[in-house]
Amino acid sequence: MKVYRNHSLKDHNTFGMDVRCTQFVVMEHPDEGEALYAAHLFEAPFHILGGGSNVLFTKDFAGTIIHPAFKGIEVMDDSNTNQLIRVAAGEEWDDVINYCLRHRLYGLENLVGIPGRAGSAPVQNIGAYGVEVKDCIDRVEGFRTDNLQPFVLSAEQCKFGYRDSIFKNEMRGKCLITHVWFQLSKKEHYTLTYKALANEINDQDLSLETVTQCILRIRNSKLPDIRKIGCAGSFFKNPVVPESQYRMLLAQHPDLVSYPAADGMVKLAAGQLIEKAGWKGKRIGNAGVYPQQALVVVNYGGASPEEIQHLYQQVILDVEKLFNIRLNPEVNIL
Ligand SMILES: Cc1cc2nc3c(=O)[nH]c(=O)nc-3n(C[C@H](O)[C@H](O)[C@H](O)COP(=O)(O)OP(=O)(O)OC[C@H]3O[C@@H](n4cnc5c(N)ncnc54)[C@H](O)[C@@H]3O)c2cc1C
């Protein structure tokens, strides 16, 4: 492992927040958990950081940042119809997608272009264009940070939900994911339920390449290039409200976009609420709401954590005033 003291996190978070941590530990092997445990690192404040693309640092982190960097994709089972792979936490997510493309494996292709590492994918059950990563997760492997006990959780035990899992709830801050197992299909099939994707594909021949290229084109047209503009993707979760509240809102806003949610609830589009509250494309200093996608809070360059915080809190207040709905951040705020 490598240990750096008083380390800058600027290059370790896609928001580009210029903050520091007391100690930065790069794990080069999953077994190094033992040494970290023996050094009592999991007793003091610590945070596990993958690619830092779903985090907003609001200040310096007074503790240890643990960065699992170990890589590897192993084939655990290979039949005529499926391949089961075990992916180490430090693999770049897009390298997992590239592996699938090279080996003609189906299931994850709609998740191309999502920044971050494989170990983080189950944490918020990443999703895009009608697919969630839970659809292909076979199990998640790691160890508990409070007693070093290894765990293996089946997909069902991970309690996946919309941008949610056991790792954001009961096991939050108590475990380090070392490997994620994916069950992938060799049978050619695609998920094209998302209208914009079907439109983009139009009459092109279907293949893994066509689908991923179309998705990357859509993503590039809606999302900022994180090498130029800092952000953490969708800043807010889409709110889920009772049917009765949705009916009342619909009477005032007949164009309200909605999707059916579990238990008879209704999911609304946070981006539309933000746009209606007048925030789409609005900028205060170096912080702003992205003009092409109102769900994305951006750092136009050099924004301080306070500027980003002030902006997103104003968005929450204005949406609440207009719709009586309190938006919840999807991003981890530290
Ligand atoms: C431009 C852009 C577009 C995006 N688009 C999407 C999208 O379409 N869909 C989507 O779902 N998300 C999207 N995201 C959000 C983000 O990319 C995903 O949430 C991604 O999985 C985060 O990976 P990461 O490695 O950067 O995680 P980090 O931000 O480093 O960590 C995220 C969380 O996971 C925890 N964690 C990380 N690694 C481990 C581990 N090994 N063990 C235990 N806990 C761990 C962290 O403690 C933290 O709580 C987007 C972000 C950006 C910047």
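Counting convention: from 1, in listed order, for ligands and their atoms alike. Here, residue 1 is the first one in the sequence, and each next residue gets the next number.
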So, is [X] polar-close to ligand 1, with some N/O to N/O distance under 3.5 Å?
X      : result
Glu330 : no
Val123 : no
Ile226 : no

Atoms of ligand 1, numbered as shown, that sit under 4.0 Å from any heavy atom of [X]:
X      : result
Leu49  : 30 (O)
Gly52  : 24 (P), 26 (O), 28 (P), 29 (O), 30 (O)
Thr14  : 53 (C)
Gln124 : 10 (C), 11 (O), 12 (N), 15 (C), 18 (C), 19 (O)
Ala232 : 51 (C), 52 (C), 53 (C)
Gly127 : 7 (C), 8 (O), 9 (N), 10 (C), 11 (O)
Gly116 : 23 (O), 24 (P), 25 (O), 26 (O)
Cys175 : 43 (C)

Starting from [atom], what is the nearest protein heavy atom, named by residue and atom, and what distance separates them?
atom                    : value
atom 42 (N) of ligand 1 : Ile177 N, 2.8 Å
atom 30 (O) of ligand 1 : Gly50 N, 2.7 Å
atom 47 (O) of ligand 1 : Ile48 O, 2.6 Å
atom 16 (C) of ligand 1 : Ser53 OG, 3.3 Å
atom 14 (N) of ligand 1 : Ile114 CG2, 4.1 Å
atom 21 (O) of ligand 1 : Ile126 CG2, 3.2 Å
atom 20 (C) of ligand 1 : Pro115 O, 3.4 Å

Legend entry - Shortest heavy-atom approach to atom 33 (C) of ligand 1 - which of Asn54, Leu176, Asn332: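 Closest candidate by heavy-atom distance is Asn332.
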Legend entry - Options Gly119, Gly233, Ser120, Ala121, ranked by nearest heavy atom to atom 31 (O) of ligand 1, top entry: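 When every heavy atom of Gly119, Gly233, Ser120, Ala121 is considered, Ser120 comes closest to atom 31 (O) of ligand 1.
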Legend entry - Partners meeting salt bridge (Lys or Arg N to Asp or Glu O under 4.0 Å) with Glu34 (sequence neighbours left out):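 None.
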Inset, instruction - Go through the structure and list residues passing salt bridge (Lys or Arg N to Asp or Glu O under 4.0 Å) with Lys228, not counting sequence neighbours. - result: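 Result, salt bridge (Lys or Arg N to Asp or Glu O under 4.0 Å) vs Lys228: Asp225.
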Legend entry - Neighbour count above 12 (heavy atom, 6.0 Å) for Asp255 CG: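 Counting neighbours around CG of Asp255, more than 12 heavy atoms of other residues, nucleotides or ligands fall under 6.0 Å, so yes.
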Please tell me whether [X] and [Y] have a donor and an acceptor in their side chains that are separated by less than 3.5 angstrom.
X      : Y      : value
Thr191 : Thr193 : no
Glu32  : His29  : no
Tyr37  : Thr145 : no
Asn169 : Asp164 : yes

Legend entry - Intermediate values then yes/no, salt bridge (Lys or Arg N to Asp or Glu O under 4.0 Å), Lys276 and Asp318: CA-CA 10 Å; Lys276 281 182 177 289; Asp318 284 354; over 6 Å; no
Which heavy-atom pair separates [X] from [Y] by the least distance, and what is that distance?
X      : Y      : result
Leu206 : Glu188 : O-OE2, 3.8 Å
Pro224 : Ile229 : CB-CB, 3.9 Å
Leu208 : Leu105 : CD1-O, 3.9 Å

Measure [X] to ligand 1 on non-hydrogen atoms and call it side chain, backbone, both or neither using the 4.0 Å cut-off.
X      : value
Ser234 : neither
Lys168 : neither
Pro68  : side chain
Arg163 : side chain

Legend entry - Atom pair CG (Leu84) and CG (Leu184), whose distance is rounded to the nearest 0.5 Å: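 Answer for the CG-CG pair, Leu84 versus Leu184, is 8.0 Å.
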Inset, instruction - Output yes when Arg326 and Glu320 qualify as a salt bridge under the 4.0 Å nitrogen-oxygen rule, no when they do not. - result: yes
Legend entry - Exam field: side chain Gln293 to backbone Leu295, donor-acceptor pair closer than 3.5 Å: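 Pair found, side chain donor or acceptor close to backbone of Leu295.
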Inset, instruction - Assess Arg219 for proximity to ligand 1: is some non-hydrogen atom of it under 4.0 Å away? - result: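 Right, Arg219 reaches ligand 1.
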Legend entry - side-chain contact (heavy atoms from CB on, under 4.5 Å) partner of Phe70, chosen from Met27, Met1, Glu28: Met27
